[in-house]
Amino acid sequence: MSLRINSDMSYSNHGVSLASVYQARRRIAGEAVRTPLIHSAMLSRRFDAEILLKLETLQPTGAFKLRGATNMIAALIEREGRDALAAGVTTASTGNHGRAVAFAAARLGVPATICLSRLVPANKVAAIEALGAEVRRVGESQDEAFLEVDRLVHERGMRLIPPFDDPLIAAGQGTIGLELMEDAPDLDRVIVALSGGGLLGGIGATVKAIRPETQLTGVSLSRGAAMWESLQAGRPVEVEEVDSLADSLCGGIGLDNQCTLDLVRKVMDNHYQVSEAAIAHAMVDFLEHEKLMVEGAAAVGLAALNEHELDVSGQRVALIVSGNGVGLDTLDRARRLAGRRVAFRTSWRKG
């Protein structure tokens, strides 16, 4: 269907424009899939609203990250030629981004090297290797793995595919926003997990360009949330990384952040933090009532609705169910934690 574009909002957000998102959709066609937006009868009754679930769990790699990784690699080939990537692409990731880069590179005929610390479990290593990438195990932490990435970039001429802080990555994730606006053009609110900002920033730039009145709500962890702290400080800051059910929301945004901090600041309307207990409840809810096995980061939208008692009565609301990278041991942990009282409540609103 055609979309009504608000010309006053067809701005470029740090390299992420509506045009760049349409270009991303062309590039990722046939690699990342157009995911369904489904009605949740149970959640709609609970919140007296129309609650829609955007199922990025159905991507070939199980998470939204495939969109951004595919767009960036395809764009580099398009702009510079395949020979420019002869040395390959690289990144460091234990989860969704590493799998996405490995998958996209294999599909696009580009060598990929994923750097992992020696602490990464063997099953995660095998999953990335199964996608055709070389896995390089270096050091005892993610930071040490990134040092190897830096070496490969500077000494071997490999190209870094960053997890979030790049306009091509954010534009790829922004294709979710196009699909939302086509499938539900009168959305009142979109609720998105927020960590590095590529997902929320890309979706927000797209949705705001098409329907500025749609509210964009970000959800971060209650502890160790670098984007939350950076927005409060007005600059990128480091935080101590903590253990979380939503482990893919942990980690920094980069002290030299070039794109996503300002992009998130511009497009986000309100921002909530959620506790581990709230995340656990939401994960169990998805499994028991929606028959969806989702990772903690994919459940934080529902966690925010529950914990902060957000008033969405009468609204049409989309939750981005971002990925399914969760093991049975983590689900067991969530089930145990779900019995505890949810006590943490913190929020931020624009203005």
Side-chain angles (χ1 to χ4, degrees), residues 62-63 65 91-99 114-125 127-128 137-147 163-164 192-200 218-230 232 236-255 271-287 293-304 306-308 321-346:
K65 289 283 191 178
T91 196
S93 168
T94 62
N96 294 331
H97 181 62
R99 288 193 295 274
I114 311 300
C115 298
L116 306 172
S117 84
R118 297 188 187 96
L119 299 181
V120 175
N123 65 313
K124 289 191 174 184
V125 175
I128 292 174
R137 307 197 74 177
V138 180
E140 305 300 325
S141 70
Q142 185 83 336
D143 286 344
E144 291 183 69
F146 266 109
L147 290 176
F164 52 85
V192 190
L194 177 58
S195 179
L199 178 63
L200 184 143
V219 186
S220 296
L221 301 177
S222 63
R223 298 180 300 125
M227 183 63 79
W228 175 280
E229 299 297 340
S230 298
Q232 310 308 308
V237 298
E238 290 182 328
V239 297
E240 181 180 354
E241 193 165 329
V242 299
D243 181 51
S244 173
L245 289 166
D247 57 345
S248 61
L249 298 188
C250 299
I253 67 166
L255 293 180
H271 190 185
Y272 297 87
Q273 289 180 292
V274 290
S275 66
E276 289 297 298
I279 296 169
H281 277 281
M283 292 173 71
V284 172
D285 258 356
F286 272 118
L287 185 59
M293 191 165 79
V294 305
E295 61 190 73
V300 297
L302 177 54
N306 285 329
E307 186 167 25
H308 295 279
V321 186
S322 55
N324 63 13
V326 60
L328 293 178
D329 55 341
T330 304
L331 280 174
D332 285 342
R333 179 179 158 202
R335 289 180 63 191
R336 292 192 298 271
L337 185 57
R340 300 181 186 176
R341 173 180 288 274
V342 177
F344 190 91
R345 183 170 297 178
T346 305

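Every heavy atom of this structure was used, including side-chain atoms; hydrogens, water molecules and symmetry mates were not.
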With side chains defined as the heavy atoms from C-beta onward, is the minimum distance between [X] and [Y] less than 4.5 Å?
{"X": "Val326", "Y": "Val294", "value": "no"}
{"X": "Asp332", "Y": "Arg336", "value": "yes"}
{"X": "Ile253", "Y": "Pro236", "value": "yes"}
{"X": "Thr91", "Y": "Ile114", "value": "yes"}
{"X": "Val239", "Y": "Trp228", "value": "no"}
{"X": "Ile279", "Y": "Leu221", "value": "yes"}
{"X": "Asp285", "Y": "Asn306", "value": "yes"}

Heavy-atom pair of closest approach, residues [X] and [Y]:
{"X": "Ser220", "Y": "Ala225", "value": "CB-CB, 3.9 Å"}
{"X": "Ala299", "Y": "Ala282", "value": "O-CB, 3.3 Å"}
{"X": "Gly301", "Y": "Val219", "value": "CA-CG2, 4.3 Å"}
{"X": "Ala145", "Y": "Cys115", "value": "O-CB, 3.6 Å"}
{"X": "Ser195", "Y": "Cys250", "value": "OG-O, 4.0 Å"}
{"X": "Glu307", "Y": "Ala278", "value": "OE1-CB, 3.2 Å"}

Gap separating the [atom1] atom of [X] from the [atom2] atom of [Y], nearest 0.5 angstrom:
{"X": "Phe146", "Y": "Ser93", "atom1": "CZ", "atom2": "OG", "answer": "7.5 Å"}
{"X": "Leu245", "Y": "Met283", "atom1": "CG", "atom2": "CE", "answer": "5.5 Å"}
{"X": "Ile128", "Y": "Leu116", "atom1": "CD1", "atom2": "CG", "answer": "5.0 Å"}
{"X": "His271", "Y": "Leu200", "atom1": "NE2", "atom2": "CG", "answer": "8.0 Å"}

Identify, with sequence neighbours excluded, every residue that meets side-chain contact (heavy atoms from CB on, under 4.5 Å) alongside Ser248.
-> Glu295, Ala297
Sorted by chain and residue number, the side-chain contact (heavy atoms from CB on, under 4.5 Å) partners of Glu144 (sequence neighbours excluded) come out as Glu140, Ser141
Under 3.5 Å donor-acceptor, His97 side chain and Ala92 backbone | no
Contacts of Ser230 meeting side chain to side chain donor-acceptor pair (under 3.5 Å) (sequence neighbours excluded), chain-then-number -> none
Taking side chain to side chain donor-acceptor pair (under 3.5 Å) as the test, write out the residues that go with Asn324, two or more places apart.
-> none
Does a donor on one side chain and an acceptor on the other come within less than 3.5 Å for Glu276 and Ser244?
-> yes
With sequence neighbours left out, write down each residue that passes salt bridge (charged side-chain N to carboxylate O under 4.0 Å, His left out) with Arg223, or none if nothing qualifies.
-> none
Apply salt bridge (charged side-chain N to carboxylate O under 4.0 Å, His left out) to Asp329 and list each qualifying residue two or more places apart in sequence or on a separate chain.
-> none
